[in-house]
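In what follows, a single structure is set out as structure tokens and then discussed.
Side-chain atoms are counted along with the backbone in the values below, which use heavy atoms only and exclude waters and symmetry mates. All chains are named by letter (A, B, ...) in the order of the sequence lines, taking the proteins before the strands, and each is independently numbered beginning at 1.
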Amino acid sequence: MTLELVDVSMDYRLHGQQKRALDGVSLTVSPGEFLCVVGASGSGKSTLLSLVAGLTTPTGGEITLDGHPITGPGPDRGLVFQTGSLYPWRTVERNVAFGLELLALDTAERGRRVDWYLAETGLAGVRRSLPRQLSGGQQQRVAIARALVCEPDVLLLDEPFGALDVQTKEDMQLLIRQIWRDTGTTVLMVTHDVEEAVFLGTRVVVLASDPGRVAAETSIPLPDDRGLATKRTLAFLNLRASIEDMVRASHRSGVTR
Amino acid sequence: MRTALADRTSDVRATWPPLPRRTRPRPTLLTIRTPISRRAATTLTVLSLAVPFTAWVVLSASGAVPATFLPSPGAVLSAGWEMARSGELAVDVWTTTRRVLEGFGLAVLVSVPLGILMGTFHAGQAAFEPLIGLLRYLPASAFIPLLIIWLGLGEPSKIAILFIGTVFFNTLMTADVVRGVPRSLIDVSYTLGARRGEVLRKVVVPHSLPGIIDAVRVNAAAAWNFVVVAELVNSTAGLGYRIVRAQRFLQTDKIFAVLVVIGVIGVMIDVALRLVRARVGRWAG
């Protein structure tokens with residue numbers, strides 16, 4: 001299940017002015033890969049994910065999944081937003097079950113699948129809670145479980161831990177690594193946090209800002225078995241520093257003194 | 001880059017006078033959005049009811065205002081009791097309530113789907129918003145003569161007034177509520193495989209339901225107003241009719257009694273809808 005972006009551009013109009021959010025972005029996401037896209041704000045990261053999800057259509061270029069052009073959103077590309085996309089009136093288990101309720105599955109089959117993903121994301125204990133009763137980290141677990149239960153070819157993560165405190169964020173990073181290794185799902189994640197990208201990714205793509213375009217890409221030659229201690233190793237710190245330099249170099253800051 | 005702390009001495013700000021500080025006022029009963037003590041709250045609530053009632057008692061007992069203008073609470077109570085005993089109150093209440101159920105019920109049946117349509121689809125908004133936005137400014141009571149010409153003096157014209165008086169507001173309020181469904185919730189539903197109808201049924205409607213009930217609650221009060229207005233003109237039963245009839249015989253005590261009944265029923269409807277809202281909207285906390 002290869003995801004391929006070929007020369008993808010995205011223009012939009014803002015206050016009557018033509019703006020280019022993405023400019024000729026070409027990317028290939030291979031099966032089983034964990035690809036992190038980093039870039040400052042204005043680099044079109046979220047636009048990129050929205051295009052892959054099929055929520056918007058590129059004004060130029062083509063996006064294909066396994067050779068088939070993407071024509072709209074679907075459960076083969078599960079999406080997790082930063083915040084606020086849970087169904088507030090549904091309990092945790094019914095949030096997770098949403099995508100399966102749309103399919104011709106009997107209750108037992110649906111329940112079995114929901115149970116597995118609730119356990120995998122550590123939500124079994126709060127399955128009957130409402131979203132507002134959960135912490136920010138738990139809410140993101142629900143969003144991840146809800147996308148994964150549909151068995152997507154690629155899981156799209158749009159700064160999923162951006163609104164969490166540092167400790168919770170690290171827990172979630174370990175969790176998503178674990179899930180990625182357990183399920184073998186291909187993951188495409190955008191973030192502005194270089195440390196996060198290096199820790200999670202098998203490969204990192206740096207986007208330049210205004211308009212968003214690919215500035216650099218590098219594979220992350222860290223072992224598959226990563227713990228929080230990995231973040232203190234010299235190899236990790238060197239990678240992080242060099243990628244942070246790339247992000248900074250490709251970010252035209254609007255603030256000067 | 002700004003130079004650092006080193007040459008603070010040459011900082012022009014050193015020559016500025018110190019910035020004046022304002023004293024912080026003590027918290028009072030009127031501190032914005034701050035809870036007051038339970039006792040203070042209870043006292044205020046009791047006073048807000050007791051003061052007007054006492055004024056009524058004193059004013060009517062002092063004889064300063066003739067009883068035909070302002071009947072005493074006792075007279076109102078006995079007039080009400082008399083109407084209840086004779087059975088005419090029950091007939092009036094039921095007649096009026098039935099009109100509200102029919103007229104406002106019809107308005108809800110039309111306005112909720114229409115509002116959902118307008119709030120969900122830009123096409124729906126483009127097609128209906130201008131007309132409804134205009135029509136809601138036309139006072140429903142001004143339609144009474146027209147409706148009597150069109151529909152006659154019977155039930156249909158009264159139900160039509162109720163309908164006209166509430167349907168437009170309820171439509172626009174419903175549309176507003178539906179427009180409040182977060183975009184991300186709709187987007188994420190598509191990525192989970194939902195189709196348009198499923199997004200509408202499983203996302204837009206459940207998310208909007210508490211807000212729609214709120215709109216219905218607000219407009220139920222308007223409906224209750226319009227029905228009495230409709231009954232003031234040419235009817236043979238109902239609470240509005242009872243008021244006109246009492247006026248003819250200068251029975252102010254009866255008018256007051258009917259007003260009390262209208263108020264009590266209104267509060268009951270409000271409380272009932274609040275309970276439904278609390279139950280349906282439990283998830284919103």
Evaluate the salt bridge (Lys or Arg N to Asp or Glu O under 4.0 Å) criterion for residues B:R179 and B:D176: first the C-alpha distance (whole Å), next the side-chain angles of each, then the deciding distance (0.1 Å), finally the verdict. CA-CA 5 Å; B:R179 270 192 285 269; B:D176 259 352; 3.4 Å; yes
Expected list for residues 192-208 of chain B: side-chain donor-acceptor pairs under 3.5 angstrom, two or more places apart:
from, atom 1, to, atom 2, distance (Å)
B:E198, OE1, B:R195, N, 2.7
B:K202, NZ, A:E101, OE1, 2.9
B:S208, OG, B:V204, O, 2.7

Any side-chain donor paired with an acceptor under 3.5 Å for A:D165 and A:T168? yes
Heavy-atom contact with chain B under 4.5 Å, split by part of A:Y87: both
Using the side-chain hydrogen bond (donor to acceptor under 3.5 Å, both in side chains) criterion, which residues pair with B:T174? Sequence neighbours excluded. none
Just give me the residue among A:S85, A:P75, A:G78, A:P73 that pairs up with chain B most often, heavy atom to heavy atom, under 4.5 Å. A:P75
A:T56-A:S50 side chain donor-acceptor pair, cut-off 3.5 Å: yes
What option among A:G54, A:A143, A:G99, A:G74 has the most heavy-atom pairs under 4.5 Å with chain B? A:G74
Backbone of A:L65 reached by a side-chain donor or acceptor of A:E4 within 3.5 Å: no
Counting only non-hydrogen atoms closer than 4.5 Å, does A:L86 touch chain B with its backbone (N, CA, C, O), its side chain (CB onward), both, or neither? backbone
So, the side chain of A:Q140 versus the backbone of A:G137: is there a donor-acceptor pair under 3.5 Å, distance only? no
Using a 4.5 Å heavy-atom cutoff, which residues in residues 184-192 of chain A come close to chain B? none
Interatomic spacing from CG in A:L102 to SG in A:C150 - rounded to 0.5 Å: 7.5 Å
Chain B: which of A:R77, A:R90, A:R132 shares the most heavy-atom pairs with it under 4.5 Å? A:R132
Restricting to pairs with a member in residues 144-159 of chain A, which pass salt bridge (Lys or Arg N to Asp or Glu O under 4.0 Å), not counting sequence neighbours? A:K45-A:E159, A:R113-A:E151
What part of A:L79 gets closer than 4.5 Å to chain B, counting heavy atoms only: side chain, backbone, both or neither? both
